[in-house]
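What you see is a predicted model; the values in this text were computed from it and never measured. Protein chains get the first letters and strands the later ones, always in sequence-line order, with residue 1 at the start of each.
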Amino acid sequence: MIVIVIIFFFYNFKISVPYAALCKTFENIENTTKRIKIQDYLTKLLVAIIKLSPDNLLETIYLCLNRICPEYEGLELGIGETILIKAIGEATGRSAKSIKIDIEKQGDLGNVAQTSKSNQKTLFKPKPLTVPAVFKGLKEIAMFTGNQSQTRKINKIKGLLIACNGNEPKYLIRSLEGKLRIGLAEQTVLMSIGQAIIAKSDVTSFVLDCEAVAWDKENNCILPFQVLSTRKRKNVETGDIAVQVCVFAFDCLYLNGKSLIKKTFKERREALHNNFVPIEGEFTFAKNINASNIEEIQSFLEQSVNDSCEGLMIKTLEVDSSYEPSKRSRNWLKVKKDYISGGIGDSLDLVVIGAYTGRGKRTGSYGGYLLACYDNENEEYQSICKIGTGFSDEQLEKHTEFFKQHIINKPKPYYRVGDAKPDIWFDAVQVWEVKCADLSISPVHQAAVGLVDPVKGISLRFPRFLRIRDDKTPEMATTSEQVADMYNQQVVISKNNAANQNGGVDDDFEY
DNA sequence: ACTGATGCGTC
DNA sequence: GTCGGAC
DNA sequence: GTCCGACGACGCATCAGT
């Protein structure tokens with residue numbers, strides 16, 4: 001007996017999950033697009049880990065989610081492509097330049113690292129990496145700070161990279177990039193955890209859906225979002241927390257190892273209210289009503305806005321379906337005041353003057369384009385935004401093919417683009433109709449410079465491609481004046497709204 | 001101490 | 001944030 | 001309907017280089 005206990009003890013403590021096991025799972029997942037299969041692969045791994053080395057479970061999950069700590073701790077890796085390229089270069093003896101060329105070709109730094117590593121002859125086999133070791137490495141990288149931190153980060157990455165075997169470099173680098181790109185993300189991981197725990201079944205646990213909000217303890221009210229965002233994010237001492245945070249729970253996804261996500265919201269809400277106790281000013285339930293008509297919802301929305309809430313969450317099934325502006329996951333939709341007050345989508349006709357090489361599934365095509373409006377005054381094209389969504393895969397291909405015939409070496413002298421330097425420049429030959437939610441003063445783009453702001457231009461918020469305007473020549477594109485007008489119009493509206501609110505009277509909504 | 005570049009979170 | 005693709 | 005990963009603007013924090 002004793003021996004068995006010792007073995008069990010030994011087993012539990014000594015065996016760390018090999019990083020290769022995780023990477024093998026990643027590879028399996030990457031090679032399918034079927035979500036049930038994906039979930040299955042992960043569940044199997046998690047079940048094995050729960051059995052063999054439960055101590056490694058958290059680290060494994062974090063690696064799957066591409067995270068190094070709970071979100072609220074706010075620890076970040078603090079590295080990006082540039083640093084990674086340097087590290088890969090140093091670990092494999094390649095130049096940054098040749099690596100960059102490979103990125104253009106392969107569209108994925110992980111793959112580049114993989115091939116760089118396999119092409120390199122190794123004299124001896126390195127000691128196998130383990131999940132905790134990799135996780136610890138990532139955490140250390142995130143902790144490096146201050147003088148020479150970047151160099152130390154590079155060295156740490158180099159060390160890990162050198163210790164990599166098989167397909168590990170690919171996923172190591174992608175982890176560092178913050179993109180696993182294997183078709184696995186939060187929802188699926190959540191499901192797999194649930195499944196794996198149910199397989200285990202004796203674990204007591206819960207998952208709540210909550211929102212953290214800045215809280216005024218004096219007056220017991222919610223503070224505006226901006227206050228929340230001014231919270232210090234790093235090295236916070238308990239003593240100097242200036243902005244208190246209250247957590248509002250509005251849903252319960254798991255309870256005592258059981259998934260509730262298939263239950264109705266009514267049942268989930270009961271589970272939430274029956275099993276948790278609010279703590280004044282720290283944890284409470286989000287206010288809610290059961291509304292049966294639009295009027296009730298509208299007055300509740302009004303109330304919520306007055307209480308400094310961003311808006312309401314409404315269950316889709318209970319609401320008039322024509323009332324859906326933006327679908328959210330989990331059958332909920334978010335209703336915000338600015339939606340009711342008429343957030344119209346503007347549409348502009350803009351000229352394509354450059355492009356950016358695509359990454360991931362856009363490898364080989366242009367992943368995004370640089371757009372410009374036309375300025376009559378100076379007879380120039382002024383950059384207004386990049387655009388990377390709205391086109392189908394097929395359109396994307398066609399665009400790439402088309403614009404390859406219009407590549408130019410250097411930007412035309414009459415292109416004014418500020419800091420928005422594309423990878424490739426084009427002749428101004430085609431006009432696109434583009435939709436956006438808003439116009440904004442831009443630190444980057446140059447549209448309508450001098451008309452609204454002396455040095456800053458205007459850009460588009462949430463730009464997306466609608467269609468090609470073959471009926472328009474580039475000179476017929478939306479002009480700087482028009483852009484400036486649109487921006488000014490917007491300002492007028494927002495001022496009027498502000499004036500109405502200051503009036504303090506809750507007039508009827510006229511929407 | 002300042003600037004520009006980079007990373008990262010939020011929408 | 002928006003969007004299209006795969007399921 | 002759900003999930004994923006292409007891509008957007010912008011503001012803030014941090015670091016390297018001066």
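When the C1' atom is compared between dG1(C) and dC8(B), the two are found 15 Å apart, to the nearest whole Å.
dC4(D) atom P lies 9 Å from atom CD of Glu186(A), rounded to whole Å. What separates CD1 of Ile441(A) from P of dA9(D) is a distance of 15 Å, to the nearest Å. Atom CZ of Phe144(A) is separated from atom P of dC15(D) by 13 Å (rounded to the nearest Å). Rounding to whole angstrom units, CD of residue Glu397(A) and P of dG4(C) are separated by 16 Å. Regarding Asp40(A), its CG atom lies at a distance of 16 Å from the P atom of dC7(C), rounded to whole Å. At whole-Å resolution of the value, CG in Asp419(A) and P in dA9(D) are 12 Å apart. A straight line from CZ of Phe391(A) to C1' of dA6(D) spans 9 Å, rounded to a whole angstrom. Between Tyr356(A) atom OH and dG8(D) atom P there is a gap of 8 Å when expressed in whole angstrom units.
Taking only side-chain atoms of Arg461(A), from C-beta outward, the nucleotide of dG5(D), dG1(D), dC11(B) with the closest atom is dC11(B). Comparing dC15(D), dC3(D), dC10(D) by their closest approach to the side chain of Ser440(A) singles out dC10(D). Here the side chain of Ala185(A) is nearest to one of dC7(C), dG5(D), dA6(D), namely dG5(D). Distance from the side chain of Arg464(A) is smallest for dC3(C) among the nucleotides dA9(D), dG5(C), dC3(C). Candidate nucleotides dG1(C), dC7(C), dG4(C) were compared by shortest atom distance to the side chain of Lys34(A), and dC7(C) ranks first. Of the listed nucleotides (dA6(D), dA16(D), dG11(D)), dA16(D) has the atom at the smallest distance from the side chain of Asn147(A). If you check dG7(B), dG5(C), dC4(D) against the side chain of Ser392(A), the one that comes closest is dG5(C). The side chain of Glu76(A) lies closest to dC8(B), out of dG8(D), dG1(D), dC8(B). In this structure, the nucleotide among dC10(D), dG1(C), dC8(B) sitting nearest to the side chain of Ser459(A) is dC10(D). In the set dC15(D), dC3(D), dG5(D), the nucleotide with an atom closest to the side chain of Thr188(A) is dC3(D).
Of the two residues near DNA chain D, Ser442(A) and Gly183(A), the one whose nearest nucleotide lies more 5' is Gly183(A). Each of Thr151(A) and Lys386(A) was matched to the nucleotide of DNA chain D holding its nearest heavy atom; the match closer to the 5' end belongs to Lys386(A).
OP1 or OP2 of dA6(D) has not a single side-chain nitrogen or oxygen of Lys361(A) nearer than 4.0 Å. The phosphate of dA5(B) has neither OP1 nor OP2 within less than 4.0 Å of any side-chain N or O from Thr82(A).
In summary, the side chains of Ser365(A) and Glu397(A) do present a donor paired with an acceptor at a separation below 3.5 Å, with no hydrogens or angles considered. Under the 3.5 Å distance criterion, with hydrogens and angles disregarded, a donor-acceptor pair is assigned to the side chains of Arg94(A) and Ser116(A). The closest side-chain donor-acceptor pair between Gln150(A) and Gln148(A), if any, does not fall under 3.5 angstrom. For the 3.5 Å distance criterion, the side chains of Asn111(A) and Arg174(A) qualify, holding a donor opposite an acceptor.
The existence of a salt bridge linking Arg181(A) and Asp108(A) is confirmed by a sub-4.0 Å separation between a basic side-chain nitrogen and an acidic carboxylate oxygen.
The minimum heavy-atom distance linking Arg152(A) with Phe144(A) is given by the pair O-CE1, 3.6 Å.
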